[in-house]
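Following: one structure in structure tokens, then a few remarks.
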2 protein chains.
Amino acid sequence: MTFTAKGLATRNRIIEGAATHLRSDEPGTVTLDDVRAWTGTSKSQLFHYFPGGKEELLLEVARYEADRVLEDQQPHLAALDSWASWDRWQGAVIARYRAQGARCPLASLMSQVDSVAGASQVATSLLNRWQEYVRQGITTMQAQGDIDPELNAQRTAAAFIAGIQGGVTVLRSTGDTAHLEAIFDLLTSYLRAPEHKRAA
Amino acid sequence: MTFTAKGLATRNRIIEGAATHLRSDEPGTVTLDDVRAWTGTSKSQLFHYFPGGKEELLLEVARYEADRVLEDQQPHLAALDSWASWDRWQGAVIARYRAQGARCPLASLMSQVDSVAGASQVATSLLNRWQEYVRQGITTMQAQGDIDPELNAQRTAAAFIAGIQGGVTVLRSTGDTAHLEAIFDLLTSYLRAPEHKRAA
DNA sequence: TACAAATTGGACTTGCTGGTCCAAAAATGG
DNA sequence: CCATTTTTGGACCAGCAAGTCCAATTTGTA
């Protein structure tokens with residue numbers, strides 16, 4: 001159970017190697033033998049470093065990918081303090097998913113992990129962290145007088161997350177970023193509007 | 001290849017039975033033996049009515065479920081011609097997904113169908129039909145002077161679809177409809193705003 | 001009734017895949 | 001240099017699930 005430096009290196013090689021190939025190949029059916037081939041390891045190594053078997057391994061890969069999702073949006077996401085920075089962030093998100101195309105490594109992964117608890121926890125954690133960045137950005141802009149202070153930052157940030165998520169989901173089916181761009185434009189346009197009265 | 005009335009009845013029984021159970025149970029791993037048990041059929045019947053095997057069967061179930069998604073939103077979706085009707089529609093959507101909880105039968109199905117072409121076609125078709133209803137609703141409201149005629153109906157409808165889709169996706173992870181409600185409120189609020197200038 | 005076409009039952013095959021196990025090789029540390 | 005622990009290789013096992021096949025039964029039709 002205690003790993004040496006060499007052991008940890010192997011473990012990481014497995015996670016990163018699996019992630020890389022899962023990103024490019026069709027992840028519909030990943031087998032442990034696939035992972036073995038990709039990472040040049042043996043069956044015993046797989047179970048040595050991931051006693052929980054396939055499920056634990058895929059969960060680790062999911063965690064790894066979830067972190068990448070946020071990293072790819074930095075440094076923009078952490079400093080949404082001007083309209084220009086919001087634009088750069090939007091550009092980065094759309095560029096990322098356009099490059100990724102119809103493949104969403106994380107979504108594919110999630111569908112394969114049965115450990116409902118673990119999988120949904122990874123997803124929820126990612127969404128929460130993501131949303132918190134956006135909420136922080138909205139609050140900052142409100143403090144600067146750029147956004148109507150009446151706006152519910154928390155709820156609007158939630159809408160952003162849902163919108164982006166939906167744009168990506170549609171992208172996965174259609175291979176087109178049009179929906180993602182449409183919702184993103186609408187959301188930022190909403191933010192810039194001077195008033196946010198909710199009609200009755 | 002030619003089916004009699006009895007044959008068609010059996011075929012439908014298989015599709016509907018599978019759909020029903022897929023909606024309630026965990027659809028992570030559906031086997032043909034499961035379907036057999038649910039529908040009281042034999043292996044030969046499954047392959048008799050779905051020569052393409054499991055994949056064809058699941059694709060038919062997916063089509064069936066896709067139709068239900070739209071049906072569940074009627075009659076509201078087809079007559080978005082007043083703010084009251086938009087509210088009723090929103091209520092119906094949220095009620096549907098709240099009742100469904102974290103389970104999205106369609107999404108689960110899609111993840112199991114490898115026939116990428118067929119699966120994404122079912123999804124894309126659903127999204128297109130859905131979006132067209134919304135676009136029609138926006139256009140109608142514009143004609144009545146309730147929505148700014150400058151608004152791009154097509155693009156805004158696309159944003160609606162993405163937003164709803166994202167709310168549902170988040171719901172699947174968190175089990176909470178908060179995001180869906182947040183984005184839906186934001187979208188309708190956007191529609192009701194008198195002006196839709198896009199800031200530069 | 002008789003014949004053809006369809007429907008149905010279910011045993012059987014086949015291949016794959018997660019997981020186990022043991023022994024060998026390499027580190028580690030005193 | 002020896003003992004102990006970690007790391008690695010890969011053969012092997014067991015179960016499952018998709019798909020095949022043939023025969024029995026029912027249905028439709030003349």
Side-chain angles (χ1 to χ4, degrees), chain A residues 1-19 21-22 25-62 108-116 118-119, chain B residues 1-19 21-22 25-62 108-116 118-119:
Chain A
M1 282 306 149
T2 25
F3 300 136
T4 67
K6 185 184 178 188
L8 276 183
T10 301
R11 198 184 127 101
N12 288 337
R13 195 178 79 233
I14 294 172
I15 294 176
E16 287 164 28
H21 286 267
L22 279 172
D25 294 0
E26 180 60 42
T29 50
V30 192
T31 74
L32 290 184
D33 279 330
D34 288 337
V35 178
R36 257 197 42 228
W38 295 336
T39 61
T41 49
S42 69
K43 219 55 171 304
S44 73
Q45 283 172 293
L46 260 37
F47 284 87
H48 183 63
Y49 296 111
F50 306 93
K54 188 181 187 180
E55 199 157 303
E56 184 181 344
L57 168 53
L58 287 183
L59 209 52
E60 287 302 320
V61 176
S108 313
L109 239 359
M110 302 304 286
S111 68
Q112 286 187 61
V113 185
D114 281 356
S115 95
V116 186
Chain B
M1 285 304 150
T2 25
F3 301 136
T4 66
K6 185 185 179 187
L8 277 182
T10 300
R11 199 184 126 100
N12 288 337
R13 195 177 80 233
I14 294 171
I15 294 175
E16 288 164 27
H21 281 82
L22 279 172
D25 295 0
E26 180 60 41
T29 49
V30 192
T31 75
L32 290 184
D33 279 330
D34 288 337
V35 177
R36 257 196 43 229
W38 295 335
T39 61
T41 49
S42 70
K43 231 22 176 329
S44 72
Q45 282 171 292
L46 260 37
F47 284 86
H48 184 63
Y49 295 110
F50 306 93
K54 188 182 187 180
E55 198 158 303
E56 183 181 343
L57 169 53
L58 288 183
L59 208 53
E60 288 301 323
V61 176
S108 314
L109 241 357
M110 302 303 286
S111 69
Q112 286 188 58
V113 184
D114 281 356
S115 94
V116 186

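By convention in this document, chain letters (A, B, ...) are assigned in the order of the sequence lines, proteins followed by strands, and residues within each chain are numbered from 1. Keep in mind that the numbers below use all heavy atoms, side chains included, and drop hydrogens, waters and symmetry copies.
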Quiz item: Taking only N and O in the side chain of A:Lys6, is any of them less than 4.0 Å away from OP1 or OP2 of C:dA27?
Solution: yes
Practice problem: Kindly give the heavy-atom pair with the smallest separation between B:Thr10 and B:Gln45, and that separation in Å. | Solution: CG2-NE2, 3.7 Å
Quiz prompt | Any B:Lys54 side-chain heavy atom under 4.5 Å of B:Thr31 side chain | solution = no
Quiz item: At their closest point, which heavy atom of B:Phe50 faces which heavy atom of B:Glu56, and how far apart are they?
Solution: C-OE1, 3.6 Å
Exercise. Check every atom of D:dT27, D:dG19, C:dA26 against the side chain of B:Lys54 and return the nucleotide holding the closest atom.
Key: D:dG19
Exercise. Using a 4.0 Å heavy-atom cut-off across all strands, classify B:Tyr49 as base, sugar-phosphate, or nothing.
Key: sugar-phosphate
Quiz item: From the list D:dT6, D:dT7, D:dA17, which nucleotide is the closest neighbour of the side chain of A:Phe3?
Solution: D:dT7
Self-check item: Under-4.0 Å side-chain N/O to phosphate OP1/OP2 contact, B:Thr10 with C:dT8
Solution: yes
Quiz item: Are any of B:Thr4's side-chain N or O atoms less than 4.0 Å away from OP1 or OP2 of C:dT7?
Solution: yes
Exercise. When you get a sec, tell me which of C:dT8, D:dT7, D:dA17 is the closest nucleotide to the side chain of B:Thr31?
Key: D:dA17
Exercise. Would you jot down, in residue-number order, the residues of residues 39-47 of chain B having a non-hydrogen atom under 4.0 Å from DNA chain C?
Key: B:Ser42, B:Lys43, B:Ser44, B:Gln45
Quiz item: Is B:Thr2 near enough to C:dA6 that one of its side-chain N or O atoms lies under 4.0 angstrom from OP1 or OP2?
Solution: yes
Quiz item: Closest heavy-atom contact between A:Gly17 and A:Thr39?
Solution: CA-CG2, 4.1 Å
